[in-house]
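One structure is given here, and the rest of the page talks about it.
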Amino acid sequence: MKANLFQYIWKSTANRLKHFCRQRCGVSNHLGFNQIEAITALITAILEKIANLSRRQKQAIVLLLDVILCIQSILIAYSLRIGVWVYWDLAIQKVALAALLIMIPVFYLGGVYNAIFRYAGSGMMKTLVKAFLIYGTPMVVLFSVIGMAGVPRTIGVIQPIIFFIMVGFSRVTARYLMVDILGRHRFGGQVKTVLIYGAGSAGQQLASSMRSEPAMQLRGYVDDDRRLDGQKLDGDRVFSSSRLPDVIAKYGITDILLALPNISRKKRRAIVDQIQQFKVHVQTLPNMKEIMDGQVSFSDIRELEIEDLLGREPVAPNELLLGRTIVSKKVMVTGAGGSIGSELCRQITKSGARQLLLFELSEYSLYVIEKELRKYCSDHGIENIELVPILGSVTDASRLKEVFEFWQPDTVFHAAAYKHVPLVESNPVEGVRNNILGTYEIARAAHAADVKDFILISTDKAVRPTNIMGATKRGAEQIIQAFAKRSGTRFSMVRFGNVLGSSGSVVPLFRQQIEMGGPITLTHRDVTRYFMTIPEAAQLVIQAGGMAKGGEVFVLDMGKSVRIIDLAKTMIQLSGLVVRDEADPDGDIEIREIGLRPGEKLYEELIIGNDPQATMHDRIMMARESHMKQEDLDNLIGKIADCRHSSEAIALLKTLVPEFEHERDNLKAEKAS
């Protein structure tokens, strides 16, 4: 009988709730609610109504809630003190009147209601603690120290404590309802099921931040420490990494977030190799040094960069070598707005230069790098460096003479060059003029101004070049070698391969193609390239310059070469996708070969000869290579300056670089045969 009565009451209540949801809250009439769904819909509808109220209306509701909680805390404190539940009497009236007269102005002036709609985090709790310290002091003085007839003295201590607990709990509950429940209800997209790899403090901070992300549903942590298997962190389970395949399959994991900001690249690579066999999207936290305030949040998550996967640890720079050409010197960087030039400027700014001359042809690039460096100096309190933006071209001899005579730099890093192989291949006259004539003019200006150190930024494409860009860079090297023979300036050059993240790099191109659904375009499946991060390359360039005595060709240790097709496959897999090929025709992203571009090699070399010499730095080698005589070089430069036609430019280039084997010549030879 009682069961039937209870069932009748439950159904009746549910029906009334359904009617209210449909009529008053705008809930659709055809959803087919059961009792639980009706209650959930009611709660959601009420939360929607509250969320749509004005700010003042919300503040009024929370103030009213606090008044109710204040009175409830007095009832609880008083009843606990006397040992009997009392719902109202004269003593309670006295305490309630005093408490409300203190609470309302203290909370209002203390900013409690300015923060009520933010997430209930540490900032909210700090505000509440301050407000309750101010609120509790007069309560203790009034009721515990002075005393009031009929009111137990301990009420002045017990009531503020109970009130604080109730208010704190109300804020956490409100945050859960408004952010977690309502936020997830409003989110109409696909919810991702997520694992966090790393159960340390970074992982826990990341999980806490994720709770307000409706698009993410955390399923737990993965950690290499087997002792943590089966444990729980803030209610989320920790799984041993050895169980990763089963966990991914069981929970339908779509994303894995690497919360391991301090591990080595080698270890990160090993973890990624373990994960990439599964169809999951992998993202990572940056190194803790890159996180501004040291507190991890979901906004810090980024895509895995290829440098995360190199498996090669950066070497701490030799401060003595960094400083010899930089500290307290006037330093000039040509191509200051380019990929390498801008990073050189950043490193020089940090290394204690007295003056930095930013020489750049592009007005916009110069504006961007100057603005960035000025902000960096302001943020880090660097006041002893003068930044000088200079617009100009390295082919303009009169402009260079004016700049060198007026500013008198001590060190020059020459990074200005046309470097995109296909573009230079299509514009040989401009490529030869900018890369060769420009190098000659700035080297001559540096020699005339008695600059102490001049460092040319070269490329691995200068070794036995098959394209015009590589040949122009080898020609630029010969110019610097020739000047080193006759000048008091220490002329040297640094040669290295591809840098990650530079303009035109395959990595951002592949990422863009993946985001567009493919295909990834690959010139040839056997192409290999050396890769290095831009910051490491810039640091090594500066350190190589610090070892120069004149005429050296420094070659950076680029590590192992990387097959570009393997790079493409890794990027596809780490995006949670599958390569589409003959073995898997239903895959997501196709890798399509389009053929080698004009002048492109299957692989690059770094040294012309076979006898590299070690230096005092583990990752910098040295080579001495032949060059054209100064008199012949000067005559050839004059002809290059007057050159107007592509065929003439290529012919002059072959004279300057005899080992240059242009693809067009090879094609002609094939046709002739």
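Given the structure is predicted, the values throughout are model-derived calculations rather than measurements. In this chain, residues are counted from 1 in sequence order.
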* salt bridge (charged side-chain N to carboxylate O under 4.0 Å, His left out) assessment of Glu659 paired with Arg474 -> CA-CA 10 Å; Glu659 67 269 26; Arg474 178 58 190 143; 3.5 Å; yes

* **Backbone of Thr325 reached by a side-chain donor or acceptor of Lys452 within 3.5 Å** => no

* Begin with the C-alpha distance, continue with both residues' side-chain angles, and end with the deciding distance and a verdict on side-chain contact (heavy atoms from CB on, under 4.5 Å) for Thr411 and Ile455. => CA-CA 8 Å; Thr411 303; Ile455 300 98; 4.0 Å; yes

* **Glu370 vs Arg374, salt bridge (charged side-chain N to carboxylate O under 4.0 Å, His left out): CA-CA, chis, key distance, verdict** => CA-CA 6 Å; Glu370 184 202 9; Arg374 291 197 185 281; 2.8 Å; yes

* Asked: Do Phe404 and Met332 have side-chain heavy atoms sitting under 4.5 Å apart?
  -> yes

* Which pair of non-hydrogen atoms, one from Ala416 and one from Gly335, has the smallest distance, and what is that distance? -> CB-N, 3.6 Å

* Reported CD1-to-CD distance for the pair Ile271 and Gln274, which is rounded to 0.5 angstrom -> 7.5 Å

* Asked: Under 3.5 Å, side chain of Glu372 to main-chain N/O of Arg346, donor-acceptor pair present?
  -> no

* Cut-off 3.5 Å, side chains only: do Tyr197 and Asp224 have a donor facing an acceptor? -> yes

* Does the side chain of Ile542 come within less than 4.5 Å of Leu321's, by heavy atoms? -> no

* Asked: Is Asp634 salt-bridged to Arg444, going by a charged N under 4.0 Å from an acidic O?
  -> no

* Asked: What are the two closest heavy atoms between Val494 and Ala544, and how far apart are they?
  -> CG2-CB, 3.7 Å

* To do: Look only at the side chain of Thr334 and the backbone of Ala415, and say whether a donor-acceptor pair between them is shorter than 3.5 Å.
  => yes

* To do: Walk me through it: do Leu257 and Thr284 pass the test side-chain contact (heavy atoms from CB on, under 4.5 Å)?
  => CA-CA 5 Å; Leu257 308 181; Thr284 186; over 6 Å; no

* Asked: Salt-bridged, Glu477 to Lys473, with N to O below 4.0 Å?
  -> no

* **side-chain contact (heavy atoms from CB on, under 4.5 Å) between Gln204 and Tyr221, worked out** => CA-CA 9 Å; Gln204 293 175 59; Tyr221 301 86; 4.1 Å; yes

* Please name the pair of heavy atoms, one in Lys419 and one in Ser339, separated by the smallest distance, quoted to 0.1 Å. => NZ-OG, 3.7 Å

* Asked: So which heavy atom on Val657 is nearest to which on Pro465, and how close?
  -> CG1-CG, 4.0 Å

* Asked: Do any N or O atoms from the side chain of Glu425 and from the backbone of Met469 form a donor-acceptor pair under 3.5 angstrom?
  -> no

* Asked: At their closest point, which heavy atom of Asn467 faces which heavy atom of Phe660, and how far apart are they?
  -> O-CE1, 3.5 Å

* To do: Please check if any side-chain donor atom of Asp526 sits under 3.5 Å from a side-chain acceptor atom of Thr528, or the reverse.
  => no

* Structure fact -> Distance col, row Thr439:OG1 vs Asn434:CG, nearest 0.5 angstrom, shows 8.0 Å

* To do: Please report the C-alpha distance between Ile382 and Tyr376 in whole Å, then the side-chain angles of each, then the deciding distance to 0.1 Å, and finally whether the side-chain contact (heavy atoms from CB on, under 4.5 Å) criterion is met.
  => CA-CA 8 Å; Ile382 300 175; Tyr376 180 86; 3.6 Å; yes

* Asked: Is a side-chain donor or acceptor of Gln543 paired with a backbone partner of Val541 at a separation under 3.5 angstrom?
  -> no

* To do: Would you name the heavy atoms of Gly475 and Leu656 that are closest together and state the gap between them?
  => CA-CD2, 3.6 Å

* **Arg354 and Ile385, any side-chain heavy atoms less than 4.5 Å apart** => no

* To do: Measure the shortest side-chain to side-chain distance between Phe454 and Ile480 over non-hydrogen atoms and say whether it is less than 4.5 angstrom.
  => yes

* Structure fact -> In short, ring pair (Phe, Tyr, Trp, His ring centres under 6.0 Å) pairs touching residues 425-452 with sequence neighbours left out are Tyr440-Phe483

* **Separation between OG of Ser351 and NZ of Lys329, rounded to the nearest 0.5 Å** => 12.5 Å

* **Point-to-point distance, once rounded to the nearest 0.5 Å, from CD1 of Ile390 to CG of Leu400** => 10.0 Å

* To do: Would you give the length of the straight line joining atom CG of Asp410 to atom OG1 of Thr489, rounded to the nearest 0.5 angstrom?
  => 11.0 Å

* Check whether any side-chain N or O of Gln513 sits under 3.5 Å from a backbone N or O of Thr521 as a donor-acceptor pair, and report yes or no. => yes

* Taking the side chain as every heavy atom from C-beta outward, state whether Met547 and Ile620 have any atom pair closer than 4.5 Å. => yes

* **Side-chain donor-acceptor pair present, Gln347, Glu343, cut-off under 3.5 Å** => yes

* With Ile640, which of Leu653, Val429, Thr655, Ile436 fulfils side chain to side chain contact (heavy atoms under 4.5 Å, CB included)? -> Ile436

* Would you confirm whether Asn435, through its side chain, and Thr472, through its main-chain N or O, come within 3.5 Å as a donor-acceptor pair? => no

* Asked: Is there side-chain contact between Lys350 and His380, with heavy atoms separated by less than 4.5 Å?
  -> no

* Structure fact -> Sequence neighbours excluded, the answer for side-chain contact (heavy atoms from CB on, under 4.5 Å) partners of Glu402 is Arg399

* Asked: Any donor and acceptor pair, going by atom type alone, linking the side chain of Gln539 with main-chain N or O of Pro535 inside 3.5 Å?
  -> no

* Beyond-backbone contact of Leu522 with Phe510, side-chain heavy atoms, under 4.5 angstrom -> yes

* Asked: So do the side chains of Glu386 and Leu356 get within less than 4.5 Å of each other, counting heavy atoms only?
  -> no

* To do: Using modelled atom types only, decide if a donor and an acceptor are shared between the side chain of Ser365 and the backbone of Ser362 within a distance under 3.5 Å.
  => no

* Give a yes or no on whether a salt bridge exists between Arg490 and Asp453, defined as a side-chain N under 4.0 angstrom from a carboxylate O. => yes

* Taking only residues at least two apart or on different chains, which pairs with a member in residues 533-570 satisfy ring pair (Phe, Tyr, Trp, His ring centres under 6.0 Å)? -> none

* Structure fact -> Rounded to the nearest 0.5 angstrom, the OG-CG distance for Ser241 and Asp225 is 9.5 Å

* Look only at the side chain of Arg268 and the backbone of Leu260, and say whether a donor-acceptor pair between them is shorter than 3.5 Å. => yes

* To do: Mark yes when over 12 heavy atoms from residues, nucleotides or ligands other than Glu363 sit less than 6.0 Å from its CD; otherwise mark no.
  => no

